[in-house]
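Ligands are counted one by one from 1 in listed order, and the atoms in each one are counted from 1 as well. All residue numbers refer to positions in the sequence shown, counting from 1. Owing to the predicted nature of the structure, the values given are computational and were not obtained by experimental measurement.
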Amino acid sequence: MFNHRPSALHDSFVRKLGIQHSLIQAPMAGCTTPDLVAAVSGAGALGSLGAGYLEPQSMLDQAAQVRRLTDRPYAIGLFVLPDEFAVDMAAVSKAREQLDALMEREGLAVRTRLPARWAPRFSDQFAALCEARPAAAIFAFGLIDTAQVRELKQRHITVIGTATTVAEARAWAERGADAVSLQGAEAGGHRGTFLHDADDAMIGLFALLPLAVRAINIPVVAAGGIMDGRGMLAAEILGASASQLGTAFLGCPESSAAEAWKQDLSQAVEHRVTTIRSFSGRAARGLRNRYVEAMEPGASNLPAYPALNALTAPLRRVAAEAGRGDLLSEWCGQAAMLVRPMPAAQLVGVLMDEYRAARRSLTV
Ligand SMILES: Cc1cc2nc3c(=O)[nH]c(=O)nc-3n(C[C@H](O)[C@H](O)[C@H](O)COP(=O)(O)O)c2cc1C
């Protein structure tokens, strides 16, 4: 008989956050809404606002909306980026030609334009985060500095850093993070990788979890391909203090993913869930659709993140409005086809029932 008990780190992590379930709804920039976050948090898990693309005022507005809907703990997710970027303007011009030609061929009345700014300024977003004072902050793409860690802790904001390798997990632990969100290769959306080439940091969650748990002594959150309560328990047995699910929540009516994208998720096949750079200039996991295939020639010459992301954003908006999932960045994890479209609070209930049933089945 195998009698599993959650670790002491698991219990203290859940207690510190003030949540009932060791379940985090991943911050998903562009897809999370205050309704989604509040529904998840209201159901006892940790809802997260993906604020990476939001200007500070929108962050504060969305945070206030969450607060109006629930008084339960929630998180805000940000991308750690420099305030200014060196952008390769020759690559930008070439990319615009390629993208505009594609939009013309596909009959979409939208063309690229140079944005006023390539991305929101991280330091302004960080100030808004401090002002919003969520229970936790989840960072990806890089490390914040020690003064920033201190600032968050002074405000009792739990610091969670995303890592895709043991070296990155160690870097966050040494920086003073309270926990690490360990992103396996299965995970949907952008790779959080910041110390390595993204192609070298594609480690499966079942390999990465025990390695990271052995290497650091802060709680580790498991992310990547987890779609049900059995997966949550499996991650816990390998040492995770919580599970972070993104794709599973994309199908909820409260998620703002385009309808065409939601429909394509359930029909996905795993060998067409691939790593894509041609939407944003940064490696991300999603569906290999018409856009991805059309952009393959010359993909290595496309500008880097966030320039390409800013160029394609208006095109993706128009494609979504036109119901053209095949031209959208349909981010998802490798088990996307297991998505269950249902209200988020109900999904939390189903996940926790499955988790408890899986635990019981281990102890009989
Ligand atoms: C549509 C989408 C958007 C995402 N955006 C973010 C984000 O803004 N910040 C972040 O830390 N992680 C983001 N992620 C990654 C998640 O935090 C998490 O690692 C991933 O969803 C786990 O894999 P799964 O999708 O298979 O559950 C995103 C994932 C998806 C699917």
Side-chain angles (χ1 to χ4, degrees), residues 23-33 36-37 46-54 59 62 75-81 119-120 122 125 129 136-142 144 159-164 168 172 179-194 201-205 208-209 220-228 231-232 235 240 242-252 255-258 261-262 264-265 268 270 273 275-276 279-280 282-287 305-306 309 316 320 328-340 347 351:
L23 168 63
I24 300 176
Q25 164 256 310
M28 293 185 283
C31 297
T32 54
T33 61
L36 176 67
V37 175
L46 187 75
S48 312
L49 265 182
Y53 303 144
L54 297 182
M59 279 178 67
Q62 292 205 10
I76 293 182
L78 285 181
F79 299 136
V80 184
L81 294 165
F122 178 73
Q125 290 180 315
L129 169 70
I138 303 177
F139 297 99
F141 296 5
I144 55 171
V159 180
I160 304 176
T162 301
T164 61
E168 290 178 349
W172 269 112
V180 166
S181 171
L182 202 63
Q183 192 187 40
E186 303 88 334
H190 282 105
R191 304 293 304 150
T193 309
F194 58 94
M202 285 295 196
I203 325 291
L205 190 60
L208 191 53
L209 254 178
V220 168
V221 177
I226 303 175
M227 299 297 286
D228 56 32
M232 291 167 54
S243 291
Q244 180 169 320
L245 280 61
T247 305
F249 285 96
L250 274 182
C252 297
S255 116
S256 57
W261 176 0
K262 289 183 181 180
D264 288 347
L265 286 181
E270 65 283 2
V273 179
T275 313
I276 305 162
F279 283 108
S280 70
R282 195 181 161 98
R285 186 174 291 291
L287 296 183
Y305 189 96
N309 195 55
R316 286 180 279 145
L328 277 182
S329 46
E330 297 180 299
W331 305 139
C332 62
Q334 285 178 324
M337 51 301 281
L338 296 179
V339 70
R340 291 170 290 188
L347 181 57
L351 290 166

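Applying the 4.0 Å criterion to heavy atoms of Q183 picks out, from ligand 1, the atoms 15 (C), 19 (O). Near L245, the atoms of ligand 1 lying under 4.0 angstrom from a non-hydrogen atom of the residue are 27 (O). Taking every heavy atom of T247 and a limit of under 4.0 angstrom, the matching atoms of ligand 1 come to 24 (P), 25 (O), 26 (O), 27 (O), 31 (C). The Q244 neighbourhood of ligand 1 comprises atoms 17 (O), with distances under 4.0 Å to a heavy atom of that residue. For ligand 1 and A140, the ligand atoms under 4.0 Å from any heavy atom of the residue are 11 (O).
Looking at ligand 1, you won't find any N or O of Q334 less than 3.5 Å from one of its N or O atoms. Any N or O atom pair closer than 3.5 Å counts here, and G246 shares at least one such pair with ligand 1. On a distance-only criterion, T162 and ligand 1 share no N/O pair closer than 3.5 Å. Checked against a 3.5 angstrom limit, the closest N/O atoms of G225 and ligand 1 fall inside it. Considering both main-chain and side-chain atoms, W331 never comes within under 3.5 Å of ligand 1 through any nitrogen or oxygen pair.
Not counting sequence neighbours, the partners of D228 by the salt bridge (Lys or Arg N to Asp or Glu O under 4.0 Å) test are R230. Partners of F249 by ring-ring contact (aromatic ring centres under 6.0 Å, His included), not counting sequence neighbours: none found.
Rounding to the nearest 0.5 Å places CE of M59 at 6.0 Å from CD of Q125. Atom-to-atom distance recorded for W261:CH2 and L328:CG is 7.5 Å, nearest 0.5 angstrom. To the nearest 0.5 Å, atoms OG (S181) and CD (E168) are separated by 11.5 Å. Rounding to the nearest 0.5 angstrom, the gap separating the CG atom in L129 from the CZ atom in F122 is 7.5 Å.
Residue contacts with ligand 1 leave out G52, since none of its heavy atoms falls under 4.0 Å from the ligand. By the 4.0 Å heavy-atom criterion, F79 is counted among the residues contacting ligand 1.
Given atom 22 (C) of ligand 1, the protein heavy atom at minimum distance is G224 N, 3.5 Å. In this structure, the protein non-hydrogen atom closest to atom 8 (O) of ligand 1 is A29 N, 2.9 Å. Atom 6 (C) of ligand 1 has its closest protein heavy atom at P27 O, 2.9 Å. Atom 4 (C) of ligand 1 has M28 CA, 3.5 Å as its closest protein atom, hydrogens excluded (heavy atom only).
Side-chain contact between L351 and R340: present, with at least one pair of heavy atoms (C-beta onward) separated by less than 4.5 Å. Taking the side chain as every heavy atom from C-beta outward, R282 and F141 approach each other to under 4.5 Å.
Comparing heavy-atom distances from atom 28 (C) of ligand 1 across G161, G188, A26 singles out G188 as nearest.
By the 30° and 60° cut-offs, the orientation of the rings of F194 relative to W172 is perpendicular. Between H190 and Y305, the ring planes are perpendicular. Angles over 60° get that label, and only those under 30° would be called parallel.
Each of L347, I24, I226 was scored for a side-chain contact (heavy atoms from CB on, under 4.5 Å) with L245, with one residue passing: I226.
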